[in-house]
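Contents: one structure, followed by commentary.
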Amino acid sequence: QVQLVESGGGLVQPGGSLRLNCAASGLTLRYYDIGWFRQVPGKEREGVSCISLSGGSLYYADSVKGRFTISGDDANNSVYLQMNSLKPEDTAVYYCAVGDSGHGCHAAGTRSRDYDSWGQGTQVTVSS
């Protein structure tokens with residue numbers, strides 16, 4: 001049974017940093033595409049970043065490019081999202097998701113419908 005658990009969210013002031021962790025069990029992340037998405041009430045889920053650990057694809061939304069970094073950790077079967085220079089508009093529930101390699105993550109973008117398993121989400125609030 002696949003399980004994804006996000007952690008690392010919280011309250012941070014504008015300009016601050018957080019590192020989100022997506023820990024997986026029931027599968028080995030390096031054989032899959034992993035996406036980070038975020039959602040605020042009343043809006044569609046937005047693809048923030050994704051990585052294909054075996055295929056090499058990498059994507060960042062324009063709104064986070066240069067501030068967020070996605071990376072994989074084989075030893076801990078985890079994927080991280082390092083978020084720097086946070087802005088109030090980054091406030092959202094952040095989700096990680098796993099999809100088949102080559103299907104979820106593309107250099108041009110990522111779509112929630114291409115992912116099969118989702119975590120429960122972690123709240124990120126950027127406010128002074």
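Residues: numbered from 1 along the sequence shown. Just so it is clear, the model here is predicted, and its values are computed rather than measured.
When the side chain to side chain contact (heavy atoms under 4.5 Å, CB included) test is applied to S17, the partners found at least two apart in sequence or on another chain are Q82, N84. Residues forming a ring-ring contact (aromatic ring centres under 6.0 Å, His included) with Y32 (at least two apart in sequence, or on another chain): none. Taking the salt bridge (charged side-chain N to carboxylate O under 4.0 Å, His left out) definition, one finds that R67 meets it with D90, sequence neighbours left out.
Residue I34 is not grouped with residue V93 when hydrophobic side chains (ILVMFWY) are merged at heavy-atom distances under 4.5 angstrom, including chains of intermediate members. In the hydrophobic cluster analysis, where Ile, Leu, Val, Met, Phe, Trp and Tyr join through side-chain heavy atoms closer than 4.5 angstrom, V64 is grouped together with V12. Cluster annotation: L29 and Y95 are assigned to distinct hydrophobic clusters (Ile/Leu/Val/Met/Phe/Trp/Tyr, side-chain heavy-atom contacts under 4.5 Å, transitive). One hydrophobic cluster holds both W36 and V2 under the rule that ILVMFWY side chains link at heavy-atom gaps under 4.5 Å. L4 and F37 fall into different hydrophobic clusters, defined by Ile, Leu, Val, Met, Phe, Trp and Tyr side-chain heavy atoms under 4.5 Å apart, directly or through other members.
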Review point. Which is it for N76 and N21 under the side-chain contact (heavy atoms from CB on, under 4.5 Å) test, yes or no, and what are the steps along the way?
Key: CA-CA 10 Å; N76 291 301; N21 179 20; over 6 Å; no
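Applying the ring pair (Phe, Tyr, Trp, His ring centres under 6.0 Å) rule to pairs touching residues 59-83 yields nothing, sequence neighbours excluded.
For the pair N77 (side chain) and L27 (backbone), a donor-acceptor distance under 3.5 Å is present. Judged by distance alone, with hydrogens and angles left aside, the side-chain atoms of Q120 form no donor-acceptor pair with the main-chain N or O of V5 at under 3.5 Å. Checked by atom type and distance alone, the side chain of T91 pairs as donor or acceptor with a backbone atom of V126 at under 3.5 Å.
Residues G9 and V124 share a closest heavy-atom pair of CA-CG2, 4.1 Å. Pairing each heavy atom of L18 with each of G8, the nearest pair is CD2-O, 3.7 Å.
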Could you pull out all donor-acceptor pairs under 3.5 Å where a side-chain atom in residues 96-108 meets a protein atom, sequence neighbours excluded?
unit_1, atom_1, unit_2, atom_2, d
S101, OG, S54, OG, 3.1
H106, NE2, H103, O, 3.2

Check: residues 39-46 side-chain donor-acceptor pairs under 3.5 Å, at least two apart:
unit_1, atom_1, unit_2, atom_2, d
Q39, OE1, R45, NE, 3.2
Q39, OE1, R45, NH2, 3.2
Q39, NE2, K43, O, 3.1
E46, OE1, R38, NE, 2.9

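Here the CG atom belonging to L58 is positioned 11.0 Å from the OG1 atom belonging to T110, to the nearest 0.5 angstrom.
For the pair M83/L20, a side-chain contact is recorded, criterion being any heavy-atom separation below 4.5 Å from C-beta on. Between D33 and D114 there is no side-chain heavy-atom pair separated by less than 4.5 Å.
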